[in-house]
Student: 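This is the structure, below, for whatever I ask next.
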Amino acid sequence: MENNHKSNNNQISGAEALMRSLEHQGVKTLFGYPGGSIMPVFDALYDHRNTLHHILVRHEQGAAHAAQGFARVSGQVGVCLVTSGPGATNTITGIADAMIDSTPIVVIAGQVGTGFLGTDAFQEVDLVGITQPITKWSYQIRRAEDVPWAVARAFYIAQSGRPGPVVLDFAKNAQVELTEYQPTTVDYVRSYLPVPEMDEEAIRQAADLINASERPLVLVGQGVELGNAQQELKAFIEKADMPAGRTLLGLSALPSDHPLNMGMLGMHGNLGPNINTNKCDVLIAVGMRFDDRVTGNLATYAKQAKIIHFDIDPAEIDKNVKTDLAVLGDCKETLAAVTRLLNPAKHTEWIASFRPYEEIEQEKVINLELHPTTKELSMGEVVRAVSEATHHEAILVTDVGQNQMMAARYFQYTKERSIVTSGGLGTMGFGLPAAIGATFGRPDRTVCAFMGDGGLQMNLQELGTIMEQKAPVKIILLNNNFLGNVRQWQAMFFHHRYSFTPMLNPDYMKIASAYDIPARRVFTREELHEAIDEMLATEGAYLLEACVVEEGNVLPMTPPGGAVNQMLLEC
């Protein structure tokens with residue numbers, strides 16, 4: 001068949017220029033769904049099937065989340081390719097999710113030809129206008145000659161500094177027009193400073209504050225992972241003997257068994273780091289944004305402490321919590337610079353002060369969750385059993401809700417970039433497509449995706465993507481027949497008025513069978529371990545449905561509007 005994307009004078013179409021530009025950026029994997037306004041691009045893609053592996057998802061939201069999962073585990077830019085109108089708007093949730101969780105993705109969407117813009121043409125939507133508030137950059141390509149520059153700029157912006165999503169709105173006429181092609185690289189954008197210059201005086205002041213502290217506490221955020229600063233973080237906390245708590249997205253930045261790791265921060269975090277946040281004398285935040293789920297009531301948050309904030313994004317400084325000292329820059333560099341000025345220290349008594357809280361939580365929460373006295377399975381024991389069976393080396397992907405919090409609490413981490421979850425936006429339906437993306441981003445690692453019965457059904461159609469691509473996602477469905485997180489709040493704060501949270505669920509075994517995915521349902525802990533071994537021994541995908549206690553609760557919990565050190569141990 002004649003190639004329609006090249007002319008006799010070495011000119012190529014805008015669609016072909018896009019393919020070559022993606023290859024020039026090192027892209028090998030993209031997630032997408034074809035349609036009318038992006039058809040010339042998909043036609044050009046046909047000739048690049050050996051170099052660009054396109055994964056056909058079953059819904060454009062799935063493409064965006066899969067690109068996120070790919071990016072989060074690989075450290076590369078995730079790419080998705082969709083058509084105009086509803087194809088483009090279906091990606092909006094994933095774009096917003098990527099923005100708040102600092103995930104580098106590039107969404108390329110078809111658009112009607114420039115001659116039809118503003119006429120309400122079929123499947124026309126103002127994608128640039130819609131996405132500007134939720135992207136680092138959103139741009140409409142109207143001419144074929146602009147493709148190499150636009151793609152190069154998009155990838156530079158998406159992955160530099162604080163990462164995030166970029167949208168390219170690709171007019172159809174620009175896809176078919178002919179142009180000469182030159183590989184293009186962008187490493188500078190006027191007025192855009194991705195990494196602030198390190199301030200040596202701030203470095204010295206940070207070291208002085210830490211050296212003088214008696215009760216320092218480090219809060220570890222995802223920025224450590226995004227900056228590949230895991231080793232610098234270890235050197236930093238070890239030299240000054242500083243305990244550390246981790247945010248949800250920063251959980252795998254420090255191994256679970258590290259002696260200075262005091263647990264998870266936040267609404268459903270561990271007692272010790274939360275309570276001692278309001279007892280430390282210096283609070284050192286590294287690559288985290290003081291999210292409300294971490295801080296609780298800001299009026300009572302760490303008022304006794306000097307606060308040092310390491311971050312790459314100046315917009316985060318003083319946004320939520322007033323800091324005493326900002327250390328701007330790439331934390332891989334700033335942490336190392338401060339560490340060089342630190343005095344070796346021992347904070348034995350301070351670190352020992354976390355132990356009583358650990359013991360209380362172990363007795364009143366963890367033991368009851370991991371060794372329940374009821375015959376029903378608990379979510380926590382299922383999570384821990386899977387983690388142990390994978391030797392704590394798997395990638396954890398979660399959906400949103402109780403499954404997310406239980407998985408985050410009871411899964412354990414020994415490797416970097418091992419948690420993929422929707423933190424800031426809290427997107428139900430995130431887990432299944434994100435797990436698919438993770439299997440392509442790190443095909444060498446086991447991907448375990450924990451979901452609730454509500455979240456799984458939000459993007460259930462992506463089982464078709466798993467079937468076609470043979471993506472080896474190990475799906476663990478924690479089925480409690482409720483929208484569990486909302487039900488827990490209804491029980492605690494709305495007098496057990498379960499308004500539209502009970503779920504009438506389908507037979508997931510039949511659904512898995514229809515998609516040719518091996519599956520097993522378990523009710524008892526006697527069955528559980530055998531089923532987990534079967535799941536991990538099975539090549540490819542597997543669906544393990546664990547029927548768990550229906551009205552289990554995630555504890556401890558800081559009630560909405562409560563202080564970070566006022567955690568409920570029972571409800």
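Keep in mind it's a predicted model, so treat the numbers as computed, not measured.
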Student: With respect to L463, which candidate in I511, I436, L543 satisfies the side-chain contact (heavy atoms from CB on, under 4.5 Å) definition?
Tutor: I511
Student: With a 4.5 Å cut-off on side-chain heavy atoms, are I105 and P165 touching?
Tutor: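 A side-chain contact under 4.5 Å exists here.
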Student: When you check the side-chain N and O atoms of R445 and S418, is any donor under 3.5 Å from an acceptor?
Tutor: yes
Student: Check the side chains of E369 and S378 for a donor-acceptor pair under 3.5 angstrom, ignoring hydrogens and angles.
Tutor: yes
Student: Do the non-hydrogen side-chain atoms of R525 and L377 ever get within less than 4.5 Å of each other?
Tutor: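 Result yes, sub-4.5 Å side-chain heavy-atom pair found.
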Student: Checking the side chain of D101 only, and the main-chain atoms of G423 only, is there a donor and an acceptor separated by less than 3.5 Å?
Tutor: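 Yes; judged by distance alone, with no hydrogens or angles, the pair exists.
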Student: Near E214 CD, under 6.0 Å, is it more than 12 heavy atoms from other residues, nucleotides or ligands?
Tutor: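 Atom CD in E214 is not packed in, count stays at 12 or less.
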Student: In terms of side-chain geometry, is the basic nitrogen of R162 or E316 positioned less than 4.0 Å from the acidic oxygen of its partner?
Tutor: yes
Student: Do N276 and S353 pair up side chain to side chain, a donor and an acceptor below 3.5 Å, judged on atom types alone?
Tutor: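 N276 vs S353: donor-acceptor pair found between side chains.
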Student: Ignoring hydrogens and geometry beyond distance, is a side-chain donor-acceptor pair present between Y515 and E462 at under 3.5 Å?
Tutor: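 Side chains of Y515 and E462: no pair found under 3.5 Å.
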Student: Is any NZ, NE, NH1 or NH2 atom of the basic residue among R355 and E358 found under 4.0 Å from an Asp or Glu carboxylate oxygen of the other?
Tutor: yes
Student: Counting heavy atoms not belonging to Y33, are there more than 12 under 6.0 Å from its OH?
Tutor: no
Student: Regarding T29 and H53, do their side chains bring together a donor and an acceptor under 3.5 Å, going by distance alone?
Tutor: no
Student: Determine, stepwise, if the pair Y410 / R384 fulfils side chain to side chain donor-acceptor pair (under 3.5 Å).
Tutor: CA-CA 5 Å; Y410 294 105; R384 181 58 59 85; over 6 Å; no
Student: Which atom names give the shortest non-hydrogen contact between V473 and A449, and what distance separates them?
Tutor: CG1-CB, 3.9 Å
Student: In plain terms, say whether E225 and R417 are close enough for a salt bridge, that is, a side-chain N and a carboxylate O under 4.0 Å apart.
Tutor: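 No, E225 and R417 are not salt-bridged.
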Student: Please walk me through it: do N270 and E361 pass side chain to side chain donor-acceptor pair (under 3.5 Å)?
Tutor: CA-CA 8 Å; N270 296 107; E361 186 176 350; 2.9 Å; yes
Student: Taking the side chain as every heavy atom from C-beta outward, state whether V57 and P433 have any pair of such atoms under 4.5 Å apart.
Tutor: no
Student: Output the distance between atom CD1 (I284) and atom CG (L219), rounded to the nearest 0.5 Å.
Tutor: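 Rounded to the nearest 0.5 Å, the CD1-CG separation comes to 8.0 Å.
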Student: Would you name the heavy atoms of N320 and F290 that are closest together and state the gap between them?
Tutor: ND2-O, 3.1 Å
Student: Answer yes if the side chains of N481 and D453 hold a donor-acceptor pair under 3.5 Å, and no otherwise.
Tutor: no
Student: Could you go step by step and tell me if I100 and R289 meet the side-chain contact (heavy atoms from CB on, under 4.5 Å) rule?
Tutor: CA-CA 10 Å; I100 199 165; R289 56 189 182 84; 3.8 Å; yes
Student: Under 3.5 Å, is there a donor-acceptor pair linking the side chains of D257 and Q412?
Tutor: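 Side chains of D257 and Q412: no pair found under 3.5 Å.
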Student: Check whether any side-chain heavy atom of T247 sits under 4.5 Å from a side-chain heavy atom of D291, and report yes or no.
Tutor: no
Student: In the structure I gave you, are the side-chain heavy atoms of L56 and H54 within less than 4.5 Å of one another anywhere?
Tutor: yes
Student: Strictly by modelled atom types, are Q490 and T501 linked by a side-chain donor-acceptor pair under 3.5 Å?
Tutor: yes
Student: Check the orientation of F354 and W350. Use parallel for under 30°, tilted for 30 to 60°, and perpendicular for over 60°.
Tutor: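 The arrangement is perpendicular - the two ring planes meet at more than 60°.
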Student: Give a yes-or-no answer on whether the side chains of Q402 and N480 include a donor-acceptor pair shorter than 3.5 Å.
Tutor: yes
Student: With rounding to the nearest 0.5 Å, note down the distance linking CD in E527 to SG in C547.
Tutor: 9.0 Å
Student: Are K474 and T390 packed together at the side-chain level, in the sense that at least one heavy-atom pair is separated by less than 4.5 angstrom?
Tutor: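 A side-chain contact under 4.5 Å is absent here.
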Student: Does the side chain of L342 come within less than 4.5 Å of F236's, by heavy atoms?
Tutor: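 The answer is yes, as the side chains (C-beta and beyond) meet within the 4.5 Å cut-off.
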Student: Less than 4.5 Å apart, any side-chain heavy atom of P560 and any of W489?
Tutor: yes
Student: What is the minimum heavy-atom distance between A531 and L544, and which atoms define it?
Tutor: CB-CD1, 3.7 Å
Student: Do other residues, nucleotides or ligands put more than 12 heavy atoms under 6.0 Å from the CZ atom of F493?
Tutor: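 Atom CZ in F493 is crowded, with more than 12 foreign heavy atoms closer than 6.0 Å.
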Student: Side chains of E416 and N228: any donor to acceptor distance under 3.5 Å?
Tutor: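 Side chains of N228 and E416: no pair found under 3.5 Å.
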Student: Please determine whether a side-chain nitrogen of the Lys or Arg among E468 and R58 lies less than 4.0 Å from a carboxylate oxygen of the Asp or Glu.
Tutor: yes
